[in-house]
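Worksheet: one structure, shown below.
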Amino acid sequence: MQKKVKCEDSNECKKPKRTKGEIEEARQLKIKKKEEEEQSRWRWWEEEKYEDGVKWRFLEHSGPYFPPEYQPLPDNVHFYYDGKKVKLSLAAEEVALFFAQMLDHEYTTKKVFRENFFKDWRKEMTDAERSLIQDLGKCDFGEIHAMHKAKVEARKNMTKEEKQALKEANQKIVDEFGYCLLDHHRERIGNFKIEPPGLFRGRGEHPKQGMLKKRIQPEDIIINCSKEACIPVPPAGHRWKEVRHDNTVTWLVSWTENIQGSIKYIMLNANSKLKGEKDWEKYEVARKLKSCVDNIRSQYRSDLKSRQMSTRQRAVALYFIDKLALRAGNEKEEGETADTVGCCSLRVEHITLHEQMDGKEYVVEFDFLGKDSIRYYNKVPVIKKTSMLNKHLSSLMPGLTAKVFRTYNASITLQEQLKELTNKSDSVAEKLLSYNRANRAVAILCNHQRAPPKTFDQSMATLQSKIDARKEQLALAKSGLKQAKKEAKAKGSSEFKLQTLVERKKAAVKRCEEQLLKMEIQATDREENKQIALGTSKLNYLDPRISVAWCKNMGLPVDKIYNKSQRDKFAWAIDMTEVDFEF
DNA sequence: AGTGCTACTTAGCACCAGCGGC
DNA sequence: GCCGCTGGTGCTAAGTAGCACT
C-alpha cells in the first residue's frame with residue numbers, strides 16, 4: 001500500500017481516493033465559498049450609524065432551542081437508600097441523575113456542595129420520598145453512575161455513520177435556530193440553546209455550589225423581536241411568558257435563572273454588527289484616553305496629597321487601576337457569591353505594606369482573589385467607591401470608566417511591545433514568537449491565568465525529544481555536506497554531478513536548521529505560556545487594528561495570528577486598517 | 001447618595017473534531 | 001489507517017456599568 005503523500009506525486013496510484021482533478025475541484029470550491037462569504041458579508045462599518053439607543057429596525061428569529069426532555073432510567077438501573085431499592089418519582093430521579101453523573105468529580109465530596117444539593121433535591125421529592133430519604137450518606141447512586149459512564153463510553157465508540165448522522169442532526173438545529181434576520185441581514189446567534197438543568201457549579205468557594213439549576217420552560221421565556229416579524233412558535237402545548245418588541249436592546253430571548261435570580265440572554269455572535277460596532281466603539285474610547293492620560297495621571301498624583309480623604313482614596317484607586325490594570329471592583333452581595341474583590345472592594349487583609357522588601361523601598365504586597373477566584377499576587381513599589389470613581393472619570397473625558405484603563409493599557413502595551421520586539425528581517429517563526437511575547441506581556445498585566453495543561457510536562461518532553469532527534473539529523477546532514485564538498489574538491493569543480501550534490505546537501509542542511517529553529521522557538525513559546533492565557537486579551541482588550549497593521553508591516557497574512565472566528569469577529573478591523581495605523 | 005435591576009462584556013474550562021506524525 | 005494531541009469552540013459563570021427610582 002502506497003502512502004498518501006506519494007499518491008499526490010504520481011498518477012499511478014492503484015486506489016486513489018481522489019484524482020488530481022477532484023482535488024483541484026475541491027480547492028476551487030473552497031476558494032469560491034470563501035469569496036461568496038466575503039461577498040455576502042455585511043460591511044456594516046461602511047454604513048451610517050443609527051440614532052442613539054436604537055439597536056435595530058427589524059428583528060426576526062426562531063426563538064430558543066430547548067434541551068431534550070428527561071429520559072427516565074431503564075428498569076434495570078436502580079437507586080438504593082440504606083441498602084434498599086427505591087423507585088424514585090420522575091422529578092426526584094432526574095435530580096439524582098445530575099448528582100450521579102458528577103460522582104467522579106471532587107465537587108461531590110465538598111460539604112457545601114452536598115448540603116446544597118441535598119436540600120434542593122429533597123424539594124423535588126414526593127412527601128413519601130422526603131420522609132424516607134433523610135441522609136445523603138445513605139444514598140447509593142452506584143448503578144446510575146455506572147449507567148452514565150457506559151453511555152459516555154458508548155458515545156465515544158459510535159461508528160462513523162452514527163457520528164455523521166449526529167453531526168447532520170446538529171447542523172439541522174443550527175440551521176433552524178442558529179440565525180436571525182436583523183435589518184435584512186442574516187446574522188449568526190451566539191447562544192441559541194437554553195441552558196440545560198443540572199447542579200450549579202460556581203467558581204472558587206461558591207456558597208451556592210450544588211444547588212439545583214432548574215429546567216427552563218417556555219413559560220419562563222421572554223421573546224424580543226419586531227412587531228412586523230413572525231413571532232417564534234413555542235413548543236406544542238406551551239406558551240411564552242411574554243413577547244415584546246424593544247429595539248433599544250440587543251437580546252432576542254431572555255429568562256431569569258433560579259440560582260442568583262439574574263437574567264440570562266440569547267444574543268448575537270461576536271461577528272455580528274451589533275457586537276462588532278460596540279467593540280469598535282470600545283477601542284475608539286480607549287484611543288481617546290491616549291490624548292488625555294498624561295493629564296489624568298498628573299492629576300491623580302497630586303490628588304494623592306489632597307486634604308480630602310475621599311479625593312485621596314479616589315487617587316489611590318485610580319493609580320492602581322491605571323498602573324496595575326486592576327478591575328473596578330463593584331460591590332457584591334455578601335454570601336451570594338464567592339468572596340472575590342477588585343480595586344474598590346479591596347479590604348485591609350488583601351494588602352501588606354512594607355517599608356523595605358526585596359531591596360526596594362515602600363512596597364505594597366497584593367494578595368487577593370479576583371474575578372473567577374483567580375489569585376492576584378503582586379508586589380509593587382509605589383511613589384471605596386466605584387460610582388463616584390466613574391463619575392469623576394467621565395468628567396475628565398466622555399465615555400471614560402475604570403475598565404477603559406484596562407483596554408487602553410492593554411492595547412498601548414501591545415503596540416509598544418511589538419515595536420520593541422520585532423524586526424522585519426526576522427523569520428516568520430521569530431516574528432510570531434515576538435507577537436506572542438507582546439501578547440503575553442498584556443496577559444500578565446491583566447492577570448489572565450490558566451491552569452497549566454494537564455499534559456504539559458509530557459508534551460514538552462515529546463517536543464524536546466523531537467528537537468534532539470532533529471539535532472542529530474542536522475549533525476548527520478552537516479557531515480554529509482562536508483563529505484560531498486571534499487569529494488567535489490578532490491575530483492575538481494568541473495564535475496557537474498558532484499556540484500549539484502553539494503548544492504542538494506547544502507539545501508538539506510539549511511532546511512534542517514530552519515526546522516530545528518522553528519521547533520526551538522515553539523518550545524520557548526510554549527514554556528513561557530505555561531500558566532498564561534492569551535485568548536482573553538486577544539479577544540477583549542487588544543485593538544485588532546494594532547495587530548492587523550503589524551501584520552501588514554511584517555508582510556504576514558493575518559491568519560497567522562487570527563483563526564477563522566477571530567477573523568470574522570475582527571472583519572471590520574481587517575478591512576479598514578492601513579499599514580500606518582497608530583493606536 | 002444609595003440601591004436594585006437590567007444589559008452587556010469578560011472569563012476560564014471542558015470537550016472534541018481534525019490534524020499531523022508514525 | 002490509527003492514534004495522540006491540541007487548537008478551536010461551546011458553555012455559562014462572573015464581572016462592569018448605566019439607569020430609574022427613592
Side-chain angles (χ1 to χ4, degrees), chain A residues 1 3-5 17 53 55 67 105 152 155-156 158 163-164 166-167 170 174 178 190-196 198 200-204 206 208-209 213 222 224 246 248-251 254 256-257 259-270 274-275 278-279 281-282 321 327-333 336-338 340-345 369-374 385-391 393-394 399-404 406-407 410 443 446-451 453-456 458-459 462-463 466 469 526 531-541 562-566:
Chain A
M1 187 69 189
K3 285 204 174 172
K4 200 182 159 195
V5 217
K17 274 208 169 149
K55 305 293 168 66
H105 203 288
V152 171
R155 242 162 63 85
K156 225 167 51 189
M158 275 190 306
K163 278 184 185 167
Q164 185 60 28
L166 196 65
K167 203 175 158 185
N170 281 332
V174 174
N191 58 321
F192 55 88
K193 289 180 176 167
I194 295 289
E195 294 172 17
F200 176 76
R201 316 152 75 126
R203 318 232 168 103
H206 203 295
K208 298 196 169 184
Q209 62 191 96
K213 179 168 144 171
I222 302 175
N224 191 32
D246 182 355
T248 67
V249 296
T250 66
W251 53 268
S254 75
T256 302
E257 55 89 27
I259 303 286
Q260 323 268 0
S262 66
I263 309 170
K264 300 257 183 170
Y265 302 93
I266 289 182
M267 291 180 187
L268 296 189
N269 185 278
L274 284 176
K275 294 289 184 191
K278 200 78 188 299
D279 208 34
E281 210 179 283
K282 172 181 78 184
I321 283 169
R327 294 188 188 86
N330 285 339
E331 290 91 319
K332 355 201 284 180
E333 221 173 321
E336 294 293 298
T337 59
T340 62
V341 295
C343 184
C344 296
S345 46
L369 297 180
K371 183 175 178 181
D372 296 307
S373 294
I374 296 291
K385 293 205 172 185
T386 337
S387 58
M388 256 177 60
L389 184 72
N390 276 340
K391 223 180 227 169
L393 289 175
S394 70
L400 186 60
T401 62
K403 85 188 192 95
V404 176
R406 260 168 95 81
T407 312
C446 292
N447 201 36
H448 291 143
Q449 301 186 33
R450 61 164 182 173
K454 281 176 193 123
T455 53
F456 185 85
Q458 198 195 336
S459 84
T462 358
L463 186 57
K466 272 185 200 164
R526 211 184 280 181
Q531 305 200 60
I532 316 260
L534 299 185
T536 303
S537 49
K538 204 177 200 176
L539 235 45
N540 301 304
Y541 289 104
Y562 287 145
N563 65 31
K564 176 80 173 75
S565 53
Q566 291 163 342

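For clarity, every value in this text was computed on a predicted model and none was experimentally measured. Reckoned from all heavy atoms, side chains included, excluding hydrogens, waters and symmetry mates.
- The phosphate of dC11(C) (OP1 or OP2) has no side-chain N or O of Asn191(A) nearer than 4.0 angstrom.
- Checked against dA14(C), dA17(C), dT6(B), the side chain of Ile263(A) finds its nearest nucleotide in dT6(B).
- In this model, the phosphate group of dA17(B) is not approached by any side-chain N or O of Lys156(A) to a distance below 4.0 Å at OP1 or OP2.
- Here the P atom of nucleotide dA11(B) and the NZ atom of Lys371(A) are 5 Å apart, to the nearest Å.
- Taking 4.0 angstrom as the limit, Lys193(A) places a side-chain polar atom (N or O) nearer than this to OP1 or OP2 of dC11(C).
- Distances were taken from every side-chain heavy atom of Arg203(A) (C-beta onward) to each of dT12(C), dG15(C), dA7(B); the shortest belongs to dT12(C).
- Residue Thr536(A) places its side chain closer to dG12(B) than to any other of dC5(C), dA14(C), dG12(B).
- Side-chain proximity of Lys213(A) to the nucleotides dT12(C), dC11(C), dA17(C) is greatest for dT12(C).
- Within the structure, a side-chain polar atom (N or O) of His448(A) is placed less than 4.0 Å from OP1 or OP2 of dA11(B).
- The Ala451(A) side chain lies nearest to dC13(B) when the options are dA11(B), dC13(B), dA17(C).
- Comparing the helix axis at one end of the helix from dA1(B)-dT22(C) to dC22(B)-dG1(C) with that at the other, each defined from 5 consecutive pairs, gives an inter-axis angle of 20° (nearest 10°).
- Nearest to the side-chain atoms of Tyr541(A) among the listed nucleotides dT10(B), dA17(C), dT9(B) stands dT10(B).
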